[in-house]
Number of protein chains: 2
Amino acid sequence: MLEERTVFIYFLKRKGLKLTQQREEILQAFLKMEEHLSTEDLYKVVKRKNPNIGHATVFRTLKLLIEAGIAREVYLGDRRVRFEHGHGHRHHDHLVCQVCSKLIDTVNPEIEKLQDDLCKKFDFIPTSHRLQIFGICKECKRKKRE
Amino acid sequence: MLEERTVFIYFLKRKGLKLTQQREEILQAFLKMEEHLSTEDLYKVVKRKNPNIGHATVFRTLKLLIEAGIAREVYLGDRRVRFEHGHGHRHHDHLVCQVCSKLIDTVNPEIEKLQDDLCKKFDFIPTSHRLQIFGICKECKRKKRE
DNA sequence: CTGACTGCAAACCCTTTGCACTAAA
DNA sequence: TTTAGTGCAAAGGGTTTGCAGTCAG
C-alpha cells in the first residue's frame, strides 16, 4: 500500500502536480477496494470520509491514477467504466457471473503465453489485454437446481 | 444469410411480433457488415436505403437481434456499444490497434481449450467470452519508424 | 380492425468540462 | 504569491423511452 502511494507522489512531482487532501483520500479508497468499482461507487466511499468532495475530483483523480499506472479501466458489459488495480499487478482475467454479477479473478500463464504467440503471428505489439468469460458461477448453478 | 433470416422470422413469430420493412432492412444491413458497427454506424447504412428510418428503430431491432441470438454486443473501450454476428459464428478474439483503431479478428482453438479448462477449475458454466488484446498493429508500428 | 411498430423528440444517465474560488508549494 | 486543484452545475454524447400516428397480420 505504501509503494503505490510512493509511485503516485513521484508521478505528481514529475508532472508538477500537487498532492492534495482529496487525492490522498481517493488513492487510499482506491487501494483499499477489493472489487471493480465504478467512479460512482468510489465517489460514495470517499464521500463518507469527506462529505463535500465532488464527482469531478474523483473522476479526475482516477484519470491520474490510470496515467500513473496505478489503476486500470475495465469494461464489464454495462456502460460503466470500472477500475481495478494496475501497478505491479499481473493483468488477471475475469469470470463474470451473469446471475449474481460476481467476479472471479484469475491468471493463467498458459493463456498468456498463447496470447503472445498470437500477437507475434500478426506482428502486433501488445500493451494490455482483457479476457472475460461470461456464464453462471458454481453457487448460482447450485441454487438453480434446488 | 438465408439461415439467419429464418431464425429471425421464427423468433418474431414465436413472440407474436411482426416482420416489418424496417426490421428486414436492418437485418440485411447487419448481416452484410464486416466490422463491429455501433448503432450509429448501422443507422447510417440503413438510412442510405431508407432515409426516413429513425435511430430508435435501429436500436430496438438490434435488441431483438441480440435476443434472437443473431447479434452480440461488444465493448471495445470507448463508450459505444458495438455489434458483431452471434448466431452460428465462433466467438472470435480481437486485436485492437490503439493507434488506428483497426480490429483484427482471430480464433485460437488452443486458447479456447484453455478457457474451458479454466471454467472447469472454477466449476463455472461459460455462455460466452471476450478476449481483447490492445496494442499497436503492424502498419502503425512501421509508420512510427519512418 | 387491432395491437404491434415507427419516427420524433425528449428524457436518461454516466462522463466530461468551464468557471470562480481555494489551497498546495 | 503563484499556479494547480476543487466543487458545482451545466454541457456532452450515446442510449432509451413516451407518444401519437401508421401498418402488418
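To find a chain, count down the sequence lines: A is the first, B the second, and so on, and within it residues start at 1.
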My understanding is that only residues two or more places apart in sequence, or in another chain, count here; which of them pass ring pair (Phe, Tyr, Trp, His ring centres under 6.0 Å) with [X]?
X: F8(A); result: none
X: Y43(B); result: H55(B)
X: H36(A); result: H94(A)

Does T57(B) offer a backbone N or O that forms a donor-acceptor pair with the side chain of T61(B) under 3.5 Å?
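Indeed, once roles are kept as given, a pair shorter than 3.5 Å links the two residues.
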Is there side-chain contact between I9(A) and L19(A), with at least one heavy-atom pair below 4.5 Å?
yes
Heavy atoms, side chains only, cut-off 4.5 Å: are I70(A) and V7(A) in contact?
yes
If we fit an axis to the first five pairs and another to the last five of the helix from dC1(C)-dG25(D) to dA25(C)-dT1(D), what angle do they make, to the nearest 10°?
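Here the helix ends are tilted 30° relative to one another.
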When you measure from every atom of DNA chain C, which of residues 11-24 of chain A have a heavy atom less than 4.0 Å away?
K18(A), L19(A)
Taking CZ from R79(A) and P from dC14(C), how many angstroms apart are they, rounded to a whole number?
8 Å
In whole angstrom, what separates E25(B)'s CD from dC5(C)'s C1'?
14 Å
K15(A): what forms a side chain to side chain contact (heavy atoms under 4.5 Å, CB included) with it, not counting sequence neighbours?
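Expected list: F11(A), L17(A), E67(A).
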Please determine whether a side-chain nitrogen or oxygen atom of R80(A) lies at a distance below 4.0 Å from atom OP1 or OP2 of dC14(C).
yes
Specify the residues of residues 41-55 of chain B, ordered by number, for which at least one heavy atom lies under 4.0 angstrom from an atom of DNA chain D.
none
Please list, chain by chain and in numerical order, all residues satisfying side-chain hydrogen bond (donor to acceptor under 3.5 Å, both in side chains) with S38(B), sequence neighbours excluded.
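S38(B): side-chain hydrogen bond (donor to acceptor under 3.5 Å, both in side chains) contacts with D41(B).
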Extract all donor-acceptor atom pairs below 3.5 Å that involve side chains of residues 120-132 of chain A and protein atoms in other chains or at least two apart in sequence.
unit_1: D123(A); atom_1: OD1; unit_2: K141(B); atom_2: NZ; d: 2.4
unit_1: T127(A); atom_1: OG1; unit_2: Q98(B); atom_2: OE1; d: 2.8
unit_1: T127(A); atom_1: OG1; unit_2: F134(B); atom_2: O; d: 3.2
unit_1: H129(A); atom_1: ND1; unit_2: Q115(A); atom_2: OE1; d: 3.3
unit_1: R130(A); atom_1: NH1; unit_2: Q132(B); atom_2: OE1; d: 3.0
unit_1: Q132(A); atom_1: OE1; unit_2: R130(B); atom_2: NH1; d: 3.1
unit_1: Q132(A); atom_1: NE2; unit_2: Y75(A); atom_2: O; d: 2.3

Of all pairs that satisfy salt bridge (charged side-chain N to carboxylate O under 4.0 Å, His left out), the ones with a partner from residues 55-66 of chain B, not counting sequence neighbours
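Sorted result for residues 55-66 of chain B: K63(B)-E73(B).
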Thinking salt bridges, do R72(A) and E84(A) make one under a 4.0 Å N-O criterion?
yes
Rounded to the nearest 0.5 Å, what separates atom CG in L103(A) from atom CZ in R82(A)?
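Here the rounded value is 8.5 Å.
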What pairs of nitrogen or oxygen atoms, one from the protein and one from nucleotides 18-20 of chain C, lie under 3.5 Å apart?
none

First-last contacting nucleotides on DNA chain D - partner chain A, under 4.0 angstrom, heavy atom
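So the outermost contacting nucleotides come out as dT3(D) to dT15(D).
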So, for I26(A) and V58(A), which heavy atoms are closest and what is the spacing to 0.1 Å?
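Looks like CD1-CA, 3.7 Å.
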Using the rule that two of Ile, Leu, Val, Met, Phe, Trp, Tyr join whenever any of their side-chain heavy atoms come within less than 4.5 Å, decide whether L37(B) and F59(B) are in one cluster.
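In one cluster: no.
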Are L62(A) and V45(A) connected in a single hydrophobic cluster, I mean Ile/Leu/Val/Met/Phe/Trp/Tyr linked by side-chain heavy atoms less than 4.5 Å apart?
no
